[in-house]
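Chain A is the first sequence line, chain B the second, and so forth, proteins listed ahead of strands; every chain is numbered from 1.
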There are 2 protein chains.
Amino acid sequence: MHSSELLKGTLQTILLKVLKDHGKMYGYEITQRVKELSEDRILLTEGALYPSLHKLESEGILKTETVMMGKRVRKYYSLTPEGRSLAKERVNEFVDFIKTMSNVLQLQMG
Amino acid sequence: MHSSELLKGTLQTILLKVLKDHGKMYGYEITQRVKELSEDRILLTEGALYPSLHKLESEGILKTETVMMGKRVRKYYSLTPEGRSLAKERVNEFVDFIKTMSNVLQLQMG
DNA sequence: TCTAATACATAATTATCTTATGTATTAATC
DNA sequence: GATTAATACATAAGATAATTATGTATTAGA
């Protein structure tokens, strides 16, 4: 699972926004949703995903709920109120980033 | 000189496109132009800039011309033919990246 | 029965960037 | 005239976020 150099730094933004839009999700589900939304262009690696989810949880941005599906564990993540506000902030930041880069690269868009 | 986490991975794209648009430029001049184009949002650090320019030169993407301005050295960088084609590629890559991220983050744009 | 997909997790390595440091010239301010 | 800020290059040390590799285990499909 590899992607462009440009994706670096976007992981947190992606996680927060996808969780905001789709509610309660577990790790593997997030990778599949992102793969789908990106038309196979963004393939999240577990080595990046899980540490990032754990960090966000430890910071109070995400909360978890562990569910047993038969004998298999599923850990559902969802945004805390703090997480919801951070999600907005991160998306705004990204939009601003696009605008700035569009100016620097002289792309004809916002 | 610090910026957002999102800038990671954009340096090469920025350097190539700015050099494509503005022709022959020296390092310090590039930092100023990018600062200006980005309205002070992107402040390139020398620690990232110079190693990156050197690498691109060693790869045949950029060529240099050293000029003495009085007693001060100026090293002008410009794109080689290979560099021009890489610049296009990098910009296309970035536009595609924006499109993909817009889908994932559900932004109402391309 | 074996393989692929699902589902979690962490350690080792790599790459890119920031921060820090260094040298030196030129312009501006005190 | 002296000090500071801006110009102009360069590299080394440290931080950080990602990839790659590895590990365990269940479930579905061939």
Side-chain angles (χ1 to χ4, degrees), chain A residues 1-16 24-36 40-59 61-62 64-77 90 93-94 97 101, chain B residues 1-16 24-36 38 40-59 62 64-77 90 93-94 97 101:
Chain A
M1 292 200 189
H2 66 304
S3 324
S4 143
E5 195 63 33
L6 296 169
L7 266 322
K8 294 195 175 185
T10 62
L11 179 58
Q12 232 187 62
T13 307
I14 291 172
L15 296 180
L16 294 174
K24 200 173 295 192
M25 296 178 85
Y26 55 98
Y28 185 76
E29 190 184 8
I30 296 175
T31 67
Q32 298 310 298
R33 189 87 72 176
V34 170
K35 180 172 141 75
E36 197 188 316
D40 291 11
R41 283 186 183 82
I42 302 180
L43 307 172
L44 301 184
T45 60
E46 296 127 303
L49 175 69
Y50 291 113
S52 188
L53 287 172
H54 299 163
K55 189 177 173 243
L56 289 168
E57 188 192 358
S58 80
E59 292 169 350
I61 307 298
L62 300 179
T64 60
E65 196 183 328
T66 300
V67 176
M68 290 305 293
M69 299 293 289
K71 286 180 184 175
R72 178 179 287 169
V73 173
R74 261 190 201 168
K75 209 165 156 187
Y76 281 92
Y77 289 87
R90 285 275 181 273
E93 212 173 274
F94 189 81
F97 162 72
M101 284 298 290
Chain B
M1 291 201 188
H2 67 303
S3 325
S4 144
E5 197 62 34
L6 297 168
L7 265 324
K8 292 196 176 183
T10 62
L11 180 57
Q12 231 188 62
T13 306
I14 291 172
L15 296 181
L16 294 174
K24 199 174 296 191
M25 295 178 87
Y26 55 99
Y28 184 77
E29 189 185 8
I30 295 174
T31 67
Q32 297 309 297
R33 189 87 72 176
V34 170
K35 181 172 141 77
E36 196 188 315
S38 70
D40 291 12
R41 283 186 184 80
I42 302 180
L43 307 172
L44 302 183
T45 59
E46 295 127 305
L49 175 68
Y50 292 112
S52 188
L53 288 172
H54 299 163
K55 189 180 172 239
L56 290 169
E57 189 191 359
S58 80
E59 292 168 350
L62 300 179
T64 58
E65 196 184 328
T66 299
V67 176
M68 290 304 294
M69 299 293 289
K71 286 178 182 173
R72 176 180 287 168
V73 172
R74 262 191 201 166
K75 209 164 156 188
Y76 282 91
Y77 289 86
R90 285 275 180 272
E93 213 173 273
F94 190 81
F97 162 72
M101 284 296 291

* To do: For the pair A:Arg33 and A:Glu36, find out whether any cationic side-chain nitrogen is under 4.0 Å from an anionic carboxylate oxygen.
  => no
Protein-nucleotide distance ([X], atom [atom1]; [N], atom [atom2]), rounded to Å:
| X | N | atom1 | atom2 | result |
| --- | --- | --- | --- | --- |
| B:Tyr26 | D:dA6 | OH | C1' | 11 Å |
| A:Leu6 | D:dA17 | CG | P | 18 Å |
| A:Leu44 | C:dA7 | CG | C1' | 15 Å |

* **Nearest-neighbour nucleotide for the A:Thr45 side chain, C:dT18, D:dC9, D:dT20 considered** => D:dT20
Taking only nitrogen or oxygen atoms into account, show me every contact under 3.5 Å that the protein makes with nucleotides 27-30 of chain D, one pair per line with its distance.
from   : atom 1 : to      : atom 2 : distance (Å)
D:dT27 : OP1    : A:Lys71 : N      : 3.1
D:dT27 : O4'    : A:Arg72 : NH2    : 3.3

* **From A:Leu53 atom CG to A:Met25 atom CE, the distance as rounded to the nearest 0.5 Å** =>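 Rounded to the nearest 0.5 Å, the CG-CE separation comes out at 10.5 Å.
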* To do: Taking the side chain as every heavy atom from C-beta outward, state whether A:Leu44 and A:Leu15 have any pair of such atoms under 4.5 Å apart.
  => yes
* **Test side-chain contact (heavy atoms from CB on, under 4.5 Å) applied to A:His54 and A:Tyr77, step by step** => CA-CA 10 Å; A:His54 299 163; A:Tyr77 289 87; 3.5 Å; yes
Each nucleotide N or O in nucleotides 10-16 of chain C that has a protein N or O under 3.5 Å away: list the pair and distance.
from   : atom 1 : to      : atom 2 : distance (Å)
C:dT10 : OP2    : A:His54 : ND1    : 3.3

* Apply salt bridge (charged side-chain N to carboxylate O under 4.0 Å, His left out) to B:Glu57 and list each qualifying residue two or more places apart in sequence or on a separate chain. => none
* Shortest non-hydrogen contact between B:Leu11 and B:Leu49, atoms and distance ->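 In this case the closest contact between B:Leu11 and B:Leu49 is CD2-N, 4.4 Å.
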